[in-house]
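See below for the structure under consideration.
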Amino acid sequence: MSRQAETWEARSQSYLDYLFWERRLSENTLLAYGRDIVVFIDFLKDRNILNPDDLTLPVLDEYLHKEYRKGLNPASLARRISSLRTFFLYLINQGLLEENIARLLDLPRIRRNLPEVLSTEEVERILASCDRKRPNGIRDLAILELLYSSGLRVSEVIAIEHSHIDMENGMLRLWGKGFKERIVPFGEEAKKALSDYRIESRPILAGRKTVKAFFLNSSGRPLTRQGIWGLVKKYARLSGIEKTVTPHVFRHTFATHLLENGADLRIVQEFLGHSDISTTQIYTHVSRTILRETYHRVFPRK
């Protein structure tokens with residue numbers, strides 16, 4: 001069977017394999033792209049469009065109008081267009097298309113909400129709420145210290161193994177989105193919390209089990225994403241903070257506090273593992289907002 005005669009299902013599977021093996025996209029991104037392509041292919045099959053040569057701008061416009069009528073928000077529509085552009089680029093590389101007409105589609109305007117950020121005092125309250133006399137409390141403090149002092153993603157925390165931690169130099173080796181490796185530092189407080197967990201708490205949680213993962217649950221198994229979300233919510237509640245606090249809020253807070261204290265934007269980009277500095281730039285807006293709110297709150301001449 002020639003590539004031109006392949007079914008859309010076969011093309012989409014080859015495309016997703018390409019994204020995984022060549023582009024090294026994260027699991028969540030692959031799932032999102034996969035869902036988008038399934039919706040697009042269902043649309044093409046309903047209209048009996050079988051060949052890439054039949055893909056035209058009016059066809060894409062009709063598809064997007066249909067999605068718009070479903071009530072999709074601008075962010076979801078923008079992702080649909082981004083998925084189309086990437087899929088069409090793949091078809092071009094395979095010799096099935098001559099032009100990426102999806103690039104002619106206009107992206108909808110997206111209002112970017114500023115991320116929630118904790119104050120230094122709120123971070124201290126959350127950290128202080130951990131019960132350091134219990135194995136779980138010692139572990140939780142180590143996780144919270146890492147989330148704040150290194151700006152880690154949840155997926156990066158649960159993937160940490162013993163060999164990834166350089167205690168002497170206070171450095172972590174991580175594999176972030178797209179399997180990209182990076183080295184990030186952690187502070188003295190995080191270093192102490194990690195050491196206490198490794199020596200005092202982890203052997204109790206592990207019991208007789210031999211597990212690669214550094215952070216374990218009460219059953220001695222690797223801590224999950226849901227487990228970390230749960231403990232962050234728990235300590236935010238115990239500390240009396242009314243903001244919506246998630247693990248990612250610690251990441252936002254880490255980046256914002258660095259910028260507020262004079263860190264260069266590109267250094268923060270490196271710490272966070274952002275491939276595009278425009279993703280990091282949102283934190284400059286957060287910093288300006290905080291500065292403006294503080295000014296209006298404390299400046300005596302209203």
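Proximity of the aromatic rings of Tyr33 and Phe87 is defined here by a centroid distance below 6.0 angstrom, and this criterion is not met.
The side-chain contact (heavy atoms from CB on, under 4.5 Å) search around Phe254 returns Leu258, Phe271, Leu272, not counting sequence neighbours. Every side-chain contact (heavy atoms from CB on, under 4.5 Å) that Lys243 has, sequence neighbours left out, goes to Glu116, Leu118, Glu122, Ile241, Val245. Under the side-chain contact (heavy atoms from CB on, under 4.5 Å) criterion, Glu161 pairs with Ser163, His164, Lys212, sequence neighbours left out. Partners of Arg125 according to the salt bridge (charged side-chain N to carboxylate O under 4.0 Å, His left out) rule, which considers only residues two or more places apart in sequence or in another chain, are Glu121. Applying the side-chain contact (heavy atoms from CB on, under 4.5 Å) test to Thr246 and every residue at least two apart in sequence or in another chain returns Trp229, Lys233, Thr244, His248, Val249.
Atoms CD1 and OH, on Ile81 and Tyr63 in that order, are 9.5 Å from each other to the nearest 0.5 Å. Note that CZ of Arg153 and CG of Leu147 are 12.5 Å apart. Values are rounded to the nearest 0.5 Å. Here the CZ-OG distance, from Arg139 to Ser218, works out to 5.5 Å after rounding to the nearest 0.5 Å. Here the CG-OG distance, from Leu238 to Ser129, works out to 5.5 Å after rounding to the nearest 0.5 Å. The OG1 atom of Thr56 lies 8.5 Å from the CG atom of Asp61; values are rounded to the nearest 0.5 Å. Taken to the nearest 0.5 Å, the CG atom of Asn136 stands 9.5 Å off from the CG atom of Asp131.
Grouping Ile, Leu, Val, Met, Phe, Trp and Tyr residues whose side-chain heavy atoms lie under 4.5 Å apart, directly or via other members, leaves Ile199 alone, with no other cluster members. If you chain together ILVMFWY residues whose side-chain heavy atoms come under 4.5 Å of each other, Leu31 ends up in a group of its own. Counting side-chain heavy-atom gaps under 4.5 Å among Ile, Leu, Val, Met, Phe, Trp and Tyr, the cluster of Leu77 also holds Tyr68, Leu72. Hydrophobic cluster of Met171: the remaining members, joined at side-chain heavy-atom separations below 4.5 Å, are Ile183, listed by chain and number.
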Q: Give the C-alpha distance, both sets of side-chain angles, the deciding distance and a yes or no for side-chain contact (heavy atoms from CB on, under 4.5 Å) between Leu19 and Thr86.
A: CA-CA 9 Å; Leu19 292 180; Thr86 308; 4.0 Å; yes
Q: Any chance you could lay out the side-chain contact (heavy atoms from CB on, under 4.5 Å) test for Phe40 and Leu55, step after step, and finish with the verdict?
A: CA-CA 11 Å; Phe40 181 56; Leu55 295 173; 4.0 Å; yes
Q: In sequence, state the C-alpha distance, the side-chain angles, and the governing distance for Tyr148 and Arg251, and then conclude on side-chain contact (heavy atoms from CB on, under 4.5 Å).
A: CA-CA 6 Å; Tyr148 176 57; Arg251 182 169 162 86; over 6 Å; no
Q: Apply side-chain contact (heavy atoms from CB on, under 4.5 Å) to Leu146 and Ile143, showing your working.
A: CA-CA 5 Å; Leu146 272 188; Ile143 290 171; 5.8 Å; no
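Of the charged side-chain nitrogens involved, none lies within less than 4.0 Å of a carboxylate oxygen, so that Glu200 and Arg132 do not count as a salt-bridged pair.
One hydrophobic cluster, built from ILVMFWY side chains closer than 4.5 Å, holds both Phe43 and Leu60. Linking Ile, Leu, Val, Met, Phe, Trp and Tyr residues whenever their side-chain heavy atoms come within less than 4.5 Å places Val39 and Leu64 in a single cluster. Leu231 and Ile204 fall into different hydrophobic clusters, defined by Ile, Leu, Val, Met, Phe, Trp and Tyr side-chain heavy atoms under 4.5 Å apart, directly or through other members.
When all heavy atoms are compared, the tightest approach of Pro222 to Val211 is CG-CG1, 3.8 Å. The shortest non-hydrogen separation linking Glu99 to Leu104 is OE2-CD1, 4.4 Å. Pairing each heavy atom of Leu216 with each of Tyr197, the nearest pair is N-OH, 3.1 Å. Taking every heavy atom of both residues into account, Trp8 and Leu91 meet most closely at CZ3-CD1, 4.3 Å. Across every non-hydrogen atom of Pro247 and Val154, the tightest pair is CB-CG2, 3.2 Å. The minimum heavy-atom distance linking Val184 with Ser150 is given by the pair CG2-CB, 4.2 Å.
A donor and an acceptor atom, one from each side chain of Asn217 and Thr224, are nowhere located under 3.5 Å apart. With no hydrogens or angles considered, no side-chain donor-acceptor pair links Asp17 and Ser14 at under 3.5 Å.
For the pair Leu57/Leu105, a side-chain contact is recorded, criterion being any heavy-atom separation below 4.5 Å from C-beta on. Put simply, the side chain of Ile228 does not reach to within 4.5 Å of the side chain of Phe215, judged on heavy atoms.
Between Tyr90 and Tyr15, the ring planes lie tilted relative to each other; the angle falls in the 30° to 60° range.
Residue-environment remark: NZ (Lys209) exceeds the threshold of 12 foreign heavy atoms within 6.0 Å.
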Extract all donor-acceptor atom pairs below 3.5 Å that involve side chains of residues 185-192 and protein atoms in other chains or at least two apart in sequence.
from	atom 1	to	atom 2	distance (Å)
Lys191	NZ	Met167	O	3.2
Lys192	NZ	Asp196	OD2	2.9

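The closest donor-acceptor contact from the side chain of Asn51 to the backbone of Asp54 lies at 3.5 Å or more, if one exists at all. Looking only at distances, no side-chain donor or acceptor of Ser82 sits under 3.5 Å from a matching main-chain atom of Ala78. Judged purely by atom type and a 3.5 angstrom limit, Arg182 has no side-chain atom pairing as donor or acceptor with the backbone of Arg173.
Every pair passing salt bridge (charged side-chain N to carboxylate O under 4.0 Å, His left out) that includes a residue from residues 67-89 is listed here, sequence neighbours excluded: Asp36-Arg79, Asp36-Arg80, Glu67-Lys70, Glu67-Arg80. Applying the salt bridge (charged side-chain N to carboxylate O under 4.0 Å, His left out) rule to pairs touching residues 37-52 yields Glu9-Lys45, Arg47-Glu62, sequence neighbours excluded.
Results of the side-chain contact (heavy atoms from CB on, under 4.5 Å) test with Gln94 over Leu97, Leu96, Ile92 single out Leu96 as the only residue that passes.
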